[in-house]
Participant: 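Pasting a structure here, questions to come.
Just the heavy atoms: all of them, side chains too, but no hydrogens, waters or symmetry mates, feed the values below. The model shown is predicted, which means the values in this text are computed figures rather than measured ones. Whatever order the structure lists ligands and atoms in, that order sets their numbers, starting from 1. One is the number of the first residue; the rest follow in order along the sequence.
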Amino acid sequence: MSLTGKHIVLGVTGGIAAYKAAYVARELLARGAEVRVAMTHTATKLIGPLTFTGLTGKPPVVDLWDPSYPGEVHVDLARWADAIVIAPTTANVIARLAHGLAEDPVSATVLCFDGPVLVAPAMHHRMWQHAATRANVATNEARGLAFVGPVFGKLASGEEGVGRMSEPLAIVDALEGLLAKRSSARDLEGRRVLVSAGPTHEALDPVRFLGNRSSGRMGWAIAERARDRGATVTIVAGPVSLVDPGGVEVVRVRSALEMEAAITSRREDADAIVMAAAVADFRPRALATEKIKKSEGEDAPSIELVRNPDILAGLGQWRLGRARARPFLVGFAVETTDLVAAAQKKLAKKKVDLVVANHASVAFEGDDNEAVLVREASVTPTGRLSKRALADRILDVLRDGTAREDPGAPKS
Ligand code: C5P
């Protein structure tokens with residue numbers, strides 16, 4: 001329980017996602033933290049303070065001017081806290097934080113606090129994209145506030161977009177990551193990590209493509225954690241609707257061929273390459289220059305496919321000809337049956353160091369995953385965990401696999 005004994009203030013502000021704050025509180029408690037809750041007035045309309053009293057054993061702070069409180073509650077809360085997490089955080093509260101306003105218990109406590117603050121925004125996607133919010137987020141980030149999400153998904157309005165609050169598990173993982181970072185777990189300092197993420201789109205004509213359901217979240221989690229742990233990180237991303245993580249170079253591509261070119265041109269510089277992308281195995285042989293039309297009475301056209309290069313296998317092959325076993329290569333295997341056997345086969349065939357095997361039913365779209373880490377001499381099931389926590393497990397292997405050539409260490 002990595003939050004054992006930590007004092008966490010959970011700020012809850014007035015978004016529909018406030019109901020999920022109860023799960024955040026529960027997860028914090030489950031990981032050993034002591035939790036005090038502060039709520040804005042609007043949040044109390046969306047979730048009852050009694051819910052948090054029941055969960056944490058203490059009534060939340062809902063009023064800065066409670067006459068029965070013998071002191072200044074926001075000052076006391078800030079003094080008590082090791083970290084503050086605000087979930088959900090509205091555009092309004094992000095603006096208050098950026099401008100130093102302190103009219104509610106959440107923003108007043110943050111203004112009194114100089115430790116780590118994690119913000120989990122939740123709002124309509126247009127509010128998130130608005131220039132005012134962008135500027136407020138940038139101001140807050142420049143002052144050291146950390147953000148987790150928002151993520152792409154269905155919003156309260158019924159529309160889809162980037163604005164949905166990260167899932168409670170991911171928020172608490174991010175908080176753990178933030179606290180770990182503070183306790184200087186920068187064990188990937190000096191390593192250069194190249195991560196591919198997302199699907200590829202293989203164009204059929206100017207408006208259609210063949211694609212797959214990969215969301216890019218696994219690659220994003222690996223890149224963010226590698227960055228937090230001190231690595232210099234580049235993501236080569238297929239078409240995903242995720243916001244670029246701060247402090248990471250993001251190269252956007254569409255097709256497998258573009259991804260191959262982007263990776264090939266950067267492979268020499270990498271200490272490790274993690275192929276988390278779901279690269280299409282095939283592409284249409286021909287790209288129609290005009291939109292393919294249906295015409296009366298004609299049969300449906302068939303699409304002739306050709307093989308795409310296997311980027312990872314290409315990297316394995318290229319590495320064979322090198323004097324040293326660098327970069328460290330990590331592949332993924334999404335399977336529906338015989339997970340381990342398929343991963344072991346892939347490990348040998350593609351000549352890589354680690355294959356992360358997961359079941360198709362959990363691999364895509366969600367924030368959670370469950371995998372088996374397959375190496376030449378070991379098979380390690382991870383159990384169910386967040387993509388962020390899985391990223392850390394993968395990076396632990398990567399760290400050990402790239403450590404031998406640390407400056408000053410004996411060459412193997
Ligand atoms: O063979 P399979 O597609 O199952 O292998 C998956 C692994 O190989 C992933 O790491 C994926 O990123 C990589 N891959 C690749 N190029 C392809 C297909 C898969 O690099 N054309």
Side-chain angles (χ1 to χ4, degrees), residues 193-203 209-223 226 233-240 242 251-267 270 272-285 305-320 327-365 369 371-376 382 387 390-391 393-395 397-398 401:
V193 179
L194 181 59
V195 182
S196 72
T200 63
H201 285 181
E202 309 299 323
F209 58 82
L210 300 177
N212 63 67
R213 284 169 46 208
S214 170
S215 66
R217 282 189 199 144
M218 191 64 238
W220 246 243
I222 292 166
V233 183
T234 301
I235 303 180
V236 175
V240 294
L242 298 172
V251 181
R252 303 260 178 186
V253 297
R254 295 195 74 77
S255 64
L257 290 178
E258 285 174 22
M259 184 170 279
E260 184 189 36
I263 287 172
T264 304
S265 67
R266 288 167 179 81
R267 66 187 182 188
I273 302 179
V274 183
M275 284 294 300
V279 186
D281 291 322
F282 306 100
R283 67 178 182 276
R285 177 179 290 281
L305 300 173
V306 292
R307 286 290 286 264
N308 268 329
D310 187 317
I311 304 170
L312 185 60
L315 290 168
Q317 200 57 41
W318 160 74
R319 195 180 61 168
L320 279 184
F328 190 84
L329 295 177
V330 181
F332 277 71
V334 177
E335 306 291 342
T336 46
T337 52
D338 292 337
L339 218 60
V340 172
Q344 281 168 330
K345 225 164 117 187
K346 228 158 265 186
L347 188 85
K349 190 161 158 235
K350 303 200 186 198
K351 301 180 173 59
V352 300
D353 303 292
L354 166 67
V355 170
V356 182
N358 37 187
H359 204 272
S361 60
V362 294
F364 294 111
E365 288 164 0
N369 213 331
V372 185
L373 305 185
V374 178
R375 301 205 64 192
E376 205 180 342
T382 64
K387 287 185 174 171
L390 176 58
R393 302 283 295 272
I394 295 165
L395 291 170
V397 177
L398 184 154

Participant: Nearest 0.5 Å please: distance from the OG atom of Ser196 over to the CE atom of Met259.
Facilitator: 5.0 Å
Participant: How would you list all residue pairs meeting side-chain hydrogen bond (donor to acceptor under 3.5 Å, both in side chains) that involve residues 338-347, not counting sequence neighbours?
Facilitator: Glu335-Lys346
Participant: Counting only heavy atoms and a distance below 4.0 Å, can you name the residues contacting ligand 1?
Facilitator: Met275, Ala277, Val279, Ala280, Asp281, Pro309, Asp310, Ile311, Leu312, Gly331, Phe332, Lys346, Lys350
Participant: What residues form a side-chain hydrogen bond (donor to acceptor under 3.5 Å, both in side chains) with Arg252, not counting sequence neighbours?
Facilitator: Asp244
Participant: Mind checking the CZ-CD1 spacing from Arg319 to Ile273? Nearest 0.5 Å is all I need.
Facilitator: 9.0 Å
Participant: What is the distance from atom CG of Leu398 to atom CD1 of Ile222, rounded to the nearest 0.5 Å?
Facilitator: 9.0 Å
Participant: Can you sort out the partners of Arg266 under side-chain hydrogen bond (donor to acceptor under 3.5 Å, both in side chains), two or more places apart, ordered by chain and number?
Facilitator: none
